[in-house]
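Data first, discussion second: the structure below is written as structure tokens.
The figures that follow rest on heavy atoms only: side chains count, while hydrogens, waters and symmetry mates do not. Letters go in sequence order (proteins before strands), and every chain restarts at 1.
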Amino acid sequence: MLDLKLIREETEQVEKALARRNGGFTIAPLLELDKDHRKVLADWEALNRRSNEISDLFKMGKAAKEEIEALRNETKEIKKRREELEQTKREIEEKFTLQQLSIPNTPDPAVPDGPDETANVEVKVWGELPKIVNPKHHYELGADLGVFDFERGVKLAESRFTVLMHMGARIERALMNFMLDMHGGKGYQEVFPPILVNRDCMIGTGQLPKFEGDFYKCVDDELYLVPTAEVPVTNLYRDEILEEANLPIYHCAYTPNFRREAGAAGKDTRGYIRQHQFNKVEIVKFALPESSEEEHEKLTRDAEAVLEALELPYRRVLLCAGDMGFCARKCYDLEVWFPAQDKYREISSCSNFGDFQARRANLRYRPADGGKPKYLHTLNGSGLAIGRTLAAILENGQQPDGSVKLPKALVPYLGGITHLQKQEKSSPVEAK
RNA sequence: GGAGAGGUGGCUGAGUGGUCGAAAGCGGCUUCCUGCUAAGAAGUUGUAUGGUCAAAAGCUGUACCGAGAGUUCGAAUCUCUCCCUCUCCGCCA
């Protein structure tokens, strides 16, 4: 959420910044509620003040006997009026909070204008595109090689759930370990958080209250299946005050992720690109405000390093204001090459949230000089989405004979296997 | 799931219905002292929000002792409900 003081004092600038996003966000209703709230608050406080005065009179035994009855009556009056005011106050506060939590972050000045992904700016291209004649889609290769079983995934759950079979399961697990090891080596401390989180977490990182329909929820327990490890990891230090000396903090985490993909009907219906459940290794940073810009560049590099180690061609794009997520102040997407689609597809999203999430989640640090606690900055990036990585490995590594050459970096994680061959007969079940 | 104990500031931990934003200790900050370090002495130190002020400081109002409701002129303190934590028992990978 945005700094209320900033909204009050630099209304115009905030409005301008928000106008760059899609969705017609405006802070006018919030300011209106703020005004109302302050008015009610002033009246309410005046009543409290008077009733405190009255009890002081009793306390000191100052109240003359003949006054006591009058004072008691006055208190009763105050109580009645206060209850009315409290009712109004509560209503305003509810609306205010909802408004406040529903306004997205302001884009960084460095973020380009634009309505959607067509206005994103390519800032970097890495790797040579493989030369493949009539490339097959990852899902075709995967079916041939016994990596995916889409039909049985649907049988077990519903559409957009997939079973990984045999080498598919092994590569997925290898990728998870490979990525965690890689980030661990760069100072990201590994964590394995709960996969179900409470509502406060979801509000803290900005998923709620705005996007209620996008997530899986356990109704009986008011718990949500995490849509990304960002949620539990960023909330690790919610309502805490960290020491400046301990910052920045780097974490990496593997979790499965669950998204309802509301509104994604018809998109990527085939294959392993868009699933309701997918695995991801996430990298998360808690940084000092003055260094978050630099940390963002480094974090993006750390995600890119995974693609490079896996020999996957990619590009980095700077998202335009209209394409950025709700909480982001600035965001780079990494897009990996899919030969059969003949295009780059998102595989990582690296964001700097500024203090936006920190305000929501009350994440603060105590400055080294002992001053008042300040909000820190949060950042995160996929490092990487594992399912899409697997798909990209299949497509980019496909050979004329139908096999798939696996990235060298992964071989030690696969017991020395260098190629994915067509399913051997010994396999108990042939995937469809 | 059953029984019991408990939730107080950055942390530990006192708290009699009014003198309690709250003892004490730790930690932090400032100053002093010892050649440095260690140790010591004194002082200071919660958060949010409003007013006063050009602004800061200062002064000052209000709220906050897990959450909500109640009793009372007045609640950290008494009552009720809920949430959470801990201990023991049961169950369980």
Legend entry - C1' gap between B:C78 and B:G15, integer Å: 15 Å
Legend entry - Watson-Crick or G-U wobble mate for B:G43, both contacts under 3.5 Å: B:C29
Legend entry - P gap between B:C11 and B:G4, integer Å: 30 Å
Inset, instruction - Please figure out whether A:Ser51 or A:Leu41 has its closest RNA chain B nucleotide nearer the 5' end. - result: A:Leu41
Legend entry - Length of the line joining A:Glu222:CD and B:A67:P, which is rounded to integer Å: 19 Å
Legend entry - For B:G50, the Watson-Crick or wobble counterpart (both distances under 3.5 Å): B:U60
Inset, instruction - Using whole Å, report how far CG of A:Asp221 lies from P of B:C82. - result: 17 Å
Inset, instruction - Give the intermediate values and the outcome of ring pair (Phe, Tyr, Trp, His ring centres under 6.0 Å) for residues A:Phe286 and A:Tyr365. - result: CA-CA 10 Å; A:Phe286 301 84; A:Tyr365 70 97; over 10 Å; no
Inset, instruction - Kindly say whether the aromatic ring centers of A:Tyr224 and A:Phe215 come within a distance under 6.0 Å. - result: no
Inset, instruction - Round to the nearest Å and state the distance from A:Ile7 atom CD1 to B:U49 atom P. - result: 13 Å
Legend entry - Watson-Crick/G-U partner (both atom distances under 3.5 Å) of B:U71: none
Legend entry - Flag for A:Arg21-A:Asn105: side-chain donor and acceptor within less than 3.5 Å: no
Legend entry - Which nucleotide in B:G61, B:C73, B:A63 has an atom nearest any side-chain atom of A:Trp44: B:A63
Inset, instruction - Please work out whether the ring planes of A:Phe161 and A:His276 are parallel, tilted or perpendicular, with thresholds of 30° and 60°. - result: tilted
Inset, instruction - Scan every strand shown for a Watson-Crick or G-U wobble partner of B:A22, both distances under 3.5 Å, and answer none if you come up empty. - result: none
Inset, instruction - Calculate the interatomic distance between A:Asp239 atom CG and B:G7 atom C1'; express it in whole Å. - result: 16 Å
Legend entry - Interatomic distance at C1', B:A38 relative to B:G21, whole Å: 36 Å
Inset, instruction - Calculate the interatomic distance between A:Asp34 atom CG and B:U49 atom P; express it in whole Å. - result: 11 Å
Legend entry - Integer-rounded Å distance: B:U72 C1' and A:Arg82 CZ: 12 Å
Inset, instruction - Fit a plane to each ring of A:Phe96 and A:His37, take the angle between them on a 0 to 90° scale, and name the class: parallel (under 30°), tilted (30 to 60°) or perpendicular (over 60°). - result: parallel
Legend entry - Same-atom distance (P) from B:G50 to B:U45, integer angstrom: 23 Å
With 3.5 Å as the limit, what N/O pairs link the protein to nucleotides 9-12 of chain B?
none

Inset, instruction - Rounded to the nearest angstrom, tell me the gap between atom NE2 in A:His37 and atom P in B:U49. - result: 12 Å
Legend entry - Position toward the 5' end of RNA chain B (nearest nucleotide), A:Ala42 or A:Lys76: A:Ala42
Legend entry - Pair assignment for B:G35, Watson-Crick or G-U wobble, requiring both distances under 3.5 Å: none
Inset, instruction - Ignoring backbone atoms, establish whether A:Asn362 has a side-chain N or O less than 4.0 Å from OP1 or OP2 of B:U47. - result: no
Inset, instruction - May I ask you to evaluate whether A:Arg8 reaches the phosphate of B:G50, defined as a side-chain N or O under 4.0 Å from OP1 or OP2? - result: yes
Legend entry - Integer angstrom distance from the P of B:A57 to that of B:U52: 15 Å
Inset, instruction - I would like to know whether A:Thr378 and A:Gln357 meet side-chain hydrogen bond (donor to acceptor under 3.5 Å, both in side chains); could you show each step before the answer? - result: CA-CA 7 Å; A:Thr378 59; A:Gln357 290 182 327; 2.8 Å; yes
Legend entry - Separation of atom CD in A:Glu93 from atom P in B:U49, rounded to whole Å: 14 Å
Inset, instruction - Check if the side chain of A:Glu45 and the base of B:G50 share a donor-acceptor pair of N or O atoms closer than 3.5 Å. - result: no
Legend entry - Residue matched to B:C92 through Watson-Crick or wobble contacts both under 3.5 angstrom: none
Inset, instruction - Please find out if less than 6.0 Å separates the ring center of A:Tyr332 from that of A:His296. - result: yes
Legend entry - side-chain N/O A:Asn52 vs B:U62 OP1/OP2, d < 4.0 Å: yes
Legend entry - Spacing of the P atoms in B:C29 and B:U85 (rounded, Å): 34 Å
Inset, instruction - Could you work out the separation of B:U77 and B:G7 based on their P atoms and round it to a whole Å? - result: 12 Å
Legend entry - Single hit among A:Arg359, A:Lys374, A:Arg8, A:Arg360 for salt bridge (Lys or Arg N to Asp or Glu O under 4.0 Å) with A:Asp3: A:Arg359
Inset, instruction - Please determine if a side-chain N or O atom of A:Arg72 lies less than 4.0 Å away from the OP1 or OP2 oxygen of B:C73. - result: yes
Legend entry - Any A:Lys79 side-chain nitrogen or oxygen under 4.0 Å from OP1 or OP2 of B:C73: no
Inset, instruction - Would you confirm whether the ring centroid of A:Phe148 sits within less than 6.0 angstrom of the ring centroid of A:Tyr272? - result: yes
Legend entry - Per A:Lys372 side chain, nearest of listed nucleotides B:A69, B:G18, B:U47: B:U47
Inset, instruction - Look through every strand shown and name the nucleotide pairing with B:U77 as Watson-Crick or G-U wobble, where both distances are under 3.5 Å. - result: none
Inset, instruction - Consider the side chain of A:Arg364, meaning its heavy atoms from C-beta on, and name the nucleotide among B:C73, B:G50, B:U47 that approaches it most closely. - result: B:U47
Inset, instruction - With a 3.5 angstrom cut-off on both distances, give the Watson-Crick or G-U wobble partner of B:U87, or none if there isn't one. - result: B:A3
Legend entry - Euclidean distance for P, B:G61 against B:G9 (whole angstrom): 24 Å
Inset, instruction - Evaluate the ring planes of A:Tyr254 and A:Phe192, with Trp represented by its six-membered ring, and classify them as parallel (under 30°), tilted (30 to 60°) or perpendicular (over 60°). - result: parallel
